[in-house]
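What follows is a short report on a single structure.
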Amino acid sequence: MKLILPLFFQLLPFLAHAQISVQNPLCENRPDPIGLDVLIPRLSWQLQSSHRNVRQTAYEIKVGTETLLKNKNLIWSTGQVASEQSVYVPYNGPALQSGKKYYWQVRVWDNRGNTSPWSAPAFWHMGLLQPGDWKAEWIIPGFPETPGRPSPLMRKQFTLKKKIRAATLYATAHGLYEAHINGQRVGNDYFTPGWTSYNKRLQYQTYDVSALLKEGQNALGVLLGNGWYRGYLASKGKNNFYGTDIALLLQLNITYSDGSTEIIGSDTSWKSSTGAIRSAELLHGECHDARAEKQGWTTAGYNDAQWAGVVVKPFSKTVLIATYNEPVRKHETFRPARIFQTPKGEQVLDFGQNLVGWVQMKVKGKPGDQIVLSFAEVLDKAGNFYTDNLRAARNRDTFILKGNGEEILEPHFTCHGFRYLRTEGFPGEATADNFTAVALYSDMAPNGRFECSNPLINQLQHNIQWGQKGNFFDVPTDCPQRDERLGWTGDAQVFSRTAIFNRHAHNFFVKWLKDLSADQLPDGSVPWVIPYITFGDPVERGATGWADAATVIPWNLYLLYGDERVLAEQYASMKAWVDFMQNRSQNDLWNTGPHFGDWLFYSVNNDNWGVSAITDKYLVAQCYWAHSTQLLIHAAGILGKNEDVATYSALLQRIKTAFLKEYVTPGGRLASNTQTAYVLALQFDMLPDSLRPQAAARLVDNIKVYKNRLTTGFLGTPELCHVLTRFGYTDVAYTLLLQERSPSWLYPVKQGATTIWERWEGIRPDGSFADPTTNSFNHYANGAIGDWMYRVIAGIETDEKKAGYKEIIIRPRPGGGLTHASASLQTYYGQIRSDWKMEAGAFTLEVHIPANTSATIYIPAENADAILENGTTLASAPDVQVTGVENGRVILKTGSGRYRFQIR
Ligand code: BGC
């Protein structure tokens with residue numbers, strides 16, 4: 001014992017260390033971001049502990065320019081700061097410098113007396129902060145462009161005379177670019193520089209290319225494509241939305257081992273030529289002539305004597321910004337599940353999943369063999385390849401073979417929304433081995449998982465996830481296949497909360513909102529699509545429920561990520577939109593302007609019986625005006641703008657009073673007797689308390705009239721089940737969710753859908769198609785039901801007063817005959833889980849609450865005595881407090897940790 005005790009005390013600090021650790025360090029919401037132009041980056045981390053009830057009591061951060069080991073090169077150290085804050089701690093050291101890499105570490109103390117070890121060093125890398133940091137010039141090819149606009153190649157060979165310590169490449173383009181160094185592709189990002197409002201904000205990307213360069217001869221080669229900058233966009237057959245020139249701006253900053261530096265940039269010394277890509281358009285596909293490939297053009301020693309020079313252009317450098325969101329990358333791959341002949345005699349491959357990306361082909365043929373690949377989402381009733389719903393988008397890739405053995409070919413600057421592939425001209429027999437479908441989408445980490453005992457709902461969840469994957473393509477698009485693919489604001493607005501459950505969509509939306517502010521008009525109206533491209537329509541802005549993306553999405557980012565900065569940055573835009581509505585109103589009624597209203601609501605042909613569910617567009621507009629005003633008031637409150645709180649609260653009262661006068665009868669009936677009208681009036685608190693229960697009852701009656709089916713469109717659908725739950729009709733919400741006859745969420749699932757459809761009845765029960773001009777089979781908007789599945793079935797919520805899941809609410813609402821449901825969500829504090837099951841009539845709920853948070857848990861039980869936690873009565877269960885009983889639910893309070901509740 002004498003010997004053991006001192007040893008115990010010696011080991012004590014290590015034992016204490018092992019009790020807690022710091023994981024997942026994030027800077028500006030991303031691990032190790034490279035190329036940041038945020039001058040005060042915010043640092044976040046997670047506590048990991050196997051104990052319950054763990055809270056951070058203090059933290060210490062250190063930041064340095066080289067490795068932090070032995071505390072050398074420190075530029076900022078907080079010392080021990082007594083604070084619970086583990087998310088968004090702002091960097092507060094000396095001004096950060098252009099192009100510099102900063103390492104950081106953090107350690108924490110907890111309420112149990114433990115100290116964590118220092119976290120493993122993480123880093124962030126600053127981008128080029130001043131226009132003057134760009135020494136390179138914008139260059140365009142030095143040869144006349146030919147019809148079809150082949151993709152140009154640009155290259156430069158250079159010698160590095162010393163050993164290289166580090167090298168960073170900064171690149172952007174007018175158009176799209178793909179950079180190579182010494183024969184290797186730089187990074188694994190696609191469709192760079194992404195899509196922004198180019199003339200105001202053009203992103204560049206930053207790459208650590210230290211490992212790609214060598215002392216001696218090196219070569220840089222860059223391939224360019226038209227992309228969004230000057231390619232065909234939208235439905236009017238127009239191109240050149242941002243300019244006519246395809247151009248490159250690229251700069252390589254090299255630091256040698258001796259500390260000296262050198263910059264190699266795009267300038268007059270570059271060479272240009274055409275290559276294998278004869279044409280490339282996002283909507284129409286790519287034509288690749290492998291015979292024209294220039295072997296070795298991105299390596300040193302390639303003879304470019306025949307190449308043209310380049311021309312320097314004075315394009316703006318002041319619009320350049322670093323990239324804040326995750327780039328588009330390659331993800332899942334699929335082999336064809338089936339290769340078959342259609343009744344028309346065409347060869348078609350089925351990949352089993354409607355996805356967005358392209359097909360990589362492995363092929364052997366003769367020189368000049370031409371293979372045409374066409375893409376479709378569905379087959380028609382007869383089993384033929386169906387492309388009418390793609391409208392004018394050609395979606396066709398053509399490959400011409402070199403014919404010197406096996407060739408592996410894929411496009412570079414186009415993408416397709418498809419499940420089926422038609423091949424024409426494939427030499428020999430096509431096998432599954434010849435084709436791989438590659439899904440491409442913004443590289444946001446998967447954050448949420450939902451699963452339950454009903455396989456149809458699980459398929460619905462799968463379809464929602466794939467709807468998001470296919471349409472989160474640097475901007476949130478309405479659909480990915482036809483001649484549209486635009487950042488439709490309404491679609492993004494209604495789906496944003498579901499999107500945030502599914503994936504880490506934080507920076508994706510922050511970036512897009514900045515384009516929204518940039519493209520907002522001086523009168524405060526928000527264009528239909530962001531980035532704004534004109535349809536040539538004088539009224540393409542200011543639509544209710546669409547423009548409200550300006551208020552709804554910043555609010556959701558605050559609520560679900562706890563991000564106050566996004567509210568501060570978007571506040572002027574939020575306010576401008578609310579002011580626009582007020583300016584357009586008369587007598588506190590906003591009843592002007594064209595609107596989409598409850599887009600794609602249930603309507604029938606020859607509607608003699610009045611079954612079409614038409615909701616007055618101005619009734620909708622009044623509700624959304626109130627909603628946006630309410631969100632603005634919330635935001636003003638959080639930002640301490642008390643005057644605005646007072647002004648807009650008074651306005652909100654007037655909006656609601658005017659609503660009651662104009663749209664509600666004294667008996668409480670709404671001017672439009674539709675589900676959407678009742679849903680919006682209830683969800684946005686347009687009615688006084690006294691009129692709410694009967695309005696909810698009318699909604700339920702209406703659902704019954706339609707034989708337990710929904711009739712809502714884009715604006716009513718996302719709120720429908722939430723309103724039913726809020727007013728005590730969760731059973732009706734389950735009935736709607738489980739409805740298999742159209743209109744319903746499960747009807748497309750029963751029809752074999754693998755994504756969310758634009759229309760409830762995209763394929764009718766008789767197998768015919770709805771109107772091909774708006775019949776996308778990959779349109780996420782109606783997938784907004786995902787939010788209800790997470791928040792109500794599994795019951796995961798954030799406490800609105802402690803946004804970002806600092807205080808968690810777990811309130812599962814079993815029903816619909818489900819025997820279990822299980823969901824998890826990765827938050828900035830760690831993973832939340834809520835799993836419940838019904839077994840032999842007994843209810844069990846298992847939850848996981850991450851460290852440094854606490855939870856309020858609602859258990860469906862009559863009283864606390866009926867509940868056991870891990871086999872112990874609540875009275876003797878550690879770390880659980882009963883705080884109340886309400887409507888058949890016992891309310892508990894817990895700290896972090898795992899809990900298992902059972903009703904006896
Ligand atoms: C898009 C929609 C969009 C709508 C506006 C359509 O063409 O695909 O999703 O919101 O136009 O009503």
Cut-off 3.5 Å, no hydrogens considered: what does the side-chain donor-acceptor table look like for residues 167-176, sequence neighbours left out?
residue: T172; atom: OG1; partner: Q203; partner atom: O; Å: 2.7
residue: H174; atom: ND1; partner: Y229; partner atom: OH; Å: 3.2

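- The backbone N or O of V566 sits less than 3.5 Å from a side-chain atom of D563, completing a donor-acceptor pair.
- Under 4.0 Å is where a charged nitrogen must lie from a carboxylate oxygen, and between K163 and E215 no such pair does.
- A donor-acceptor contact shorter than 3.5 Å links the side chain of S442 to the backbone of D474.
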Requested in this report: Output, in order, the C-alpha distance, side-chain angles, deciding distance and verdict of salt bridge (charged side-chain N to carboxylate O under 4.0 Å, His left out) for K364 and E407.
Outcome: CA-CA 6 Å; K364 235 180 189 171; E407 294 173 61; over 6 Å; no

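- A side-chain N or O of Q157 and one of R155 form a donor-acceptor pair less than 3.5 Å apart.
- Listed by chain and residue number, nothing satisfies the ring pair (Phe, Tyr, Trp, His ring centres under 6.0 Å) test with Y256 (two or more places apart in sequence, or in another chain).
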Taking only distance into account, with no hydrogens and no angle test, what donor-acceptor pairs under 3.5 Å do side-chain atoms of residues 118-126 form with protein atoms, sequence neighbours excluded?
residue: S119; atom: OG; partner: V106; partner atom: N; Å: 3.0
residue: S119; atom: OG; partner: V106; partner atom: O; Å: 3.3
residue: H125; atom: NE2; partner: G99; partner atom: O; Å: 3.2

Query raised in the report: Please walk me through it: do N182 and T299 pass side-chain hydrogen bond (donor to acceptor under 3.5 Å, both in side chains)?
Result: CA-CA 4 Å; N182 296 329; T299 56; over 6 Å; no

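- In this structure R291 satisfies the side chain to side chain contact (heavy atoms under 4.5 Å, CB included) test together with R278, D289, I400, sequence neighbours excluded.
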Report task. Might you work through the salt bridge (charged side-chain N to carboxylate O under 4.0 Å, His left out) test for K469 and E332, ending with a clear yes or no? Result -> CA-CA 10 Å; K469 289 176 188 180; E332 296 87 342; 2.7 Å; yes

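- Residues W195 and F473 keep their aromatic ring centres 6.0 Å or farther apart.
- In this structure, R396 contributes its side chain and C287 its backbone to no donor-acceptor pair below 3.5 Å.
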Query raised in the report: side-chain hydrogen bond (donor to acceptor under 3.5 Å, both in side chains) between N471 and T477: does it pass, once the steps are laid out?
Result: CA-CA 5 Å; N471 285 297; T477 60; 2.8 Å; yes

Requested in this report: Would you sort out whether F509 and Y561 count as a ring-ring contact (aromatic ring centres under 6.0 Å, His included), showing the intermediate values?
Outcome: CA-CA 12 Å; F509 277 128; Y561 293 117; 8.9 Å; no

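- Using a 4.5 Å cut-off on side-chain heavy atoms (C-beta onward), L252 and L213 make contact.
- Annotation for L223 and S151: closest pair CD1-CB, 4.3 Å, computed over non-hydrogen atoms.
- No hydrogens or angles considered: nothing links the side chains of D515 and T196 as a donor-acceptor pair under 3.5 Å.
- Not a single ring pair (Phe, Tyr, Trp, His ring centres under 6.0 Å) links F413 to another residue, sequence neighbours left out.
- T192 and D189 form no side-chain donor-acceptor contact under 3.5 Å, judged by distance and modelled atom types alone.
- The backbone N or O of I61 lies less than 3.5 Å from a partner atom in the side chain of T78, making a donor-acceptor pair.
- With sequence neighbours excluded, the residues forming a salt bridge (charged side-chain N to carboxylate O under 4.0 Å, His left out) with K200 are D519, listed by chain and number.
- A side-chain donor from one of S21 and Q23 sits under 3.5 Å from a side-chain acceptor of the other.
- Residues that satisfy the ring pair (Phe, Tyr, Trp, His ring centres under 6.0 Å) test with W297, not counting sequence neighbours, are absent from this structure.
- Each of Y177, Y324, W134 was evaluated against Y204; a single residue qualifies, W134, per the ring pair (Phe, Tyr, Trp, His ring centres under 6.0 Å) test.
- Among residues at least two apart or in separate chains, side-chain hydrogen bond (donor to acceptor under 3.5 Å, both in side chains) pairs with a member in residues 137-148 are E145-R230.
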Query raised in the report: Which is it for K330 and E410 under the salt bridge (charged side-chain N to carboxylate O under 4.0 Å, His left out) test, yes or no, and what are the steps along the way?
Result: CA-CA 12 Å; K330 285 184 171 178; E410 67 179 4; 2.9 Å; yes

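- With no hydrogens or angles considered, a side-chain donor-acceptor pair links N226 and E281 at under 3.5 Å.
- A donor-acceptor pair is defined here as one N or O able to donate and one able to accept, closer than 3.5 Å; such a pair exists between the side chain of R30 and the backbone of N325.
- A distance-only check finds no donor-acceptor pair linking the side chain of Y441 to the backbone of M444 [under 3.5 Å].
- Using a 4.5 Å heavy-atom threshold, the side chains of P152 and S272 count as separate.
- A side-chain donor from one of Q251 and N253 sits under 3.5 Å from a side-chain acceptor of the other.
- Under the rule for a side chain to side chain contact (heavy atoms under 4.5 Å, CB included), the partners of S210 that lie at least two apart in sequence or sit in another chain are A166, D208.
- The two atoms that bring V363 and L409 nearest to each other are CG1-CD1, 4.2 Å, heavy atoms only.
- Under the rule for a ring pair (Phe, Tyr, Trp, His ring centres under 6.0 Å), the partners of W358 that lie at least two apart in sequence or sit in another chain are Y190.
- Residue pairs meeting the ring pair (Phe, Tyr, Trp, His ring centres under 6.0 Å) criterion with at least one member in residues 258-293, sequence neighbours excluded, are Y232-H284.
- When side chains are defined from C-beta on, N29 counts as touching H504, because their heavy atoms get closer than 4.5 Å.
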Requested in this report: Would you please test K514 and E569 for salt bridge (charged side-chain N to carboxylate O under 4.0 Å, His left out) and show each step?
Outcome: CA-CA 8 Å; K514 289 194 172 160; E569 287 177 348; 3.6 Å; yes

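- A donor-acceptor pair is defined here as one N or O able to donate and one able to accept, closer than 3.5 Å; such a pair exists between the side chain of R185 and the backbone of G187.
- In this structure, T333 contributes its side chain and A437 its backbone to no donor-acceptor pair below 3.5 Å.
- Side-chain contact of K162 with S260: a donor-acceptor pair under 3.5 Å is present, judged by distance alone.
- Relative ring orientation between F191 and W228 is described as tilted, the plane-to-plane angle lying within the 30° to 60° band.
- In this structure, W466 has its ring center closer than 6.0 angstrom to the ring center of F334.
- Of all heavy-atom pairs between H506 and Y88, the closest is CE1-OH, 3.1 Å.
- Between L160 and I254, some side-chain heavy-atom pair lies under the 4.5 Å cut-off.
- Checking side-chain atoms of K317 against main-chain N and O of A136 turns up a donor-acceptor pair under 3.5 Å.
- Here CD of E326 is found 7.0 Å from CG of D443. Values are rounded to the nearest 0.5 Å.
- Taking the six-membered ring for Trp, Y198 and Y242 have ring centres closer than 6.0 Å.
- Legend: residues meeting salt bridge (charged side-chain N to carboxylate O under 4.0 Å, His left out) with K161, ordered by chain and number and at least two apart, are absent.
- In this model, a donor atom of one side chain and an acceptor atom of the other lie less than 3.5 Å apart for S269 and K156.
- Checking side-chain atoms of T298 against main-chain N and O of I181 turns up no donor-acceptor pair under 3.5 Å.
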